[in-house]
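Heads up: the structure comes next, in structure tokens.
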Amino acid sequence: MQVIRPGIYAVGALNPGMRVFDIVMATEYGTSYNSYLVRGAQKTALVDVCHNSFFEMYLQNIREVCPPEAIDYIILNHNEPDHTGALAKLLELVGRVTIFTSQAGALYVRGITNRDDLDIRTVKDGDTLDLGGKTLRFVSAPFLHWPDSIFTWLPEDRVVFTCDFLGAHYCEPYLLDVNMAYPEKYQKAFLGYYTAIFAPFRPHVQAGLKKLEALDFDMVLPSHGPVLTKGCMLEYAMDRYREWSTPKVREKRLIPVFYTSAYGYTRMLAQSVAAGILSRGDADAPLLDLIDHDMGSLHGILNQADAFAVGSPTINRDAVPPTWHLLAGVDAIGSAKVPCAAFGSYGWSGEAVPNINARLSSLRMKVLGEGLRVNFMPTREDLDKAEALGQSLADSL
Ligand code: FEO
């Protein structure tokens, strides 16, 4: 337990050993599941909960402040199980309690606890909850990072609880940023976290920043990583979100050509697709062999692309695994309707191209035709078709 301000206590759990978050996200510096007890003159509220794996540590931290049954209200800013996984166990100890969350959050919390007898109050933007000298004011903040997200502002103490927003998968023993020992490592973790979690939601990030700018506060209490204070890391964090969420103005459109190639045949097609794009004169067409680049940077390029092509040989009746790793990083919300095309050389049966097309279609992207399948070494005619495919991609914008 750590005292943040009088009557505000951090009771969450530190997880310095975590190295992979949510199955796919590298977390070099661990993470924390921050949860806060706010004690007013009359009532006590718990803001966000904790990952289920750390329940005993979490409970001990709560008990350093008050017995669990002294909690009157639970505020759920966001209901992903890293913040609500321990809720069901906690409720067994807390007993009857009122839960405050958004309308979407009410649906999620019932599914996460498998209980339909909970006392849930859904909150709207501007609703308040008086604890006695401490007023919780709820701020709608959807898609930061799920549709259910809200912020909770405590004006008397000038603090805002933002859950995922402005957080970081970063763990040091003390939560306040003024105690941070390795700010450069934090900044690296902060960028990685933003890229993985918030980059797909840029318009919502900008809306969230505007909501925060309208509030009077000097401290942000996220539910991952350090507490951010004015004059230390708060300005840095908000400035970076502002910078990273601002759309970049490019002189030319970006149509990358992603590929892998076993014997160089699919590479030949990729080169012709790129030549076709470039022939239109108004787009860049970087050629990117998937095994030569970091997958995280490829995802960044893919999710900024105006259109793209992806090529794979067929092995074991499918596209090769790096192709699937690439497509697993598609921002399915921001990239919907982006024009794209598949191509590839094959030896026996050639399922890679239709399988890629099926995946792109399921992501609701704008797939151009059936793509281009070529048996073994492309002929001059095949390369012309690949060039025409590139031209069609450029013309589709
Ligand atoms: Fe930390 Fe979206 O949960």
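We count ligands from 1, going down the list as the structure has it; atoms in each ligand are counted the same way.
Taking the side chain as every heavy atom from C-beta outward, Val49 and Tyr33 never approach each other to under 4.5 Å.
Judged by distance alone, the side chains of Thr128 and Arg137 never bring a donor and an acceptor atom under 3.5 Å apart.
Between Arg240 and Glu243 there is a salt bridge, with a side-chain nitrogen of the basic residue lying less than 4.0 Å from a carboxylate oxygen of the acidic one. For the pair Asp218 and Arg158, the salt-bridge criterion is met [side-chain N within less than 4.0 Å of a carboxylate O].
Among the backbone and side-chain atoms of His145, an N, O or S atom lies under 2.8 Å from atom 2 (Fe) of ligand 1.
Geometry note: atom 1 (Fe) of ligand 1 is the vertex, His224 NE2 and Asp82 OD2 are the arms, and the angle is 80° (rounded to 10 degrees). Rounding to the nearest 10°, we obtain 100° for the angle at atom 2 (Fe) of ligand 1 between Glu80 OE1 and His78 NE2.
Atom OD2 is the N, O or S atom of Asp164 at the shortest distance from atom 2 (Fe) of ligand 1.
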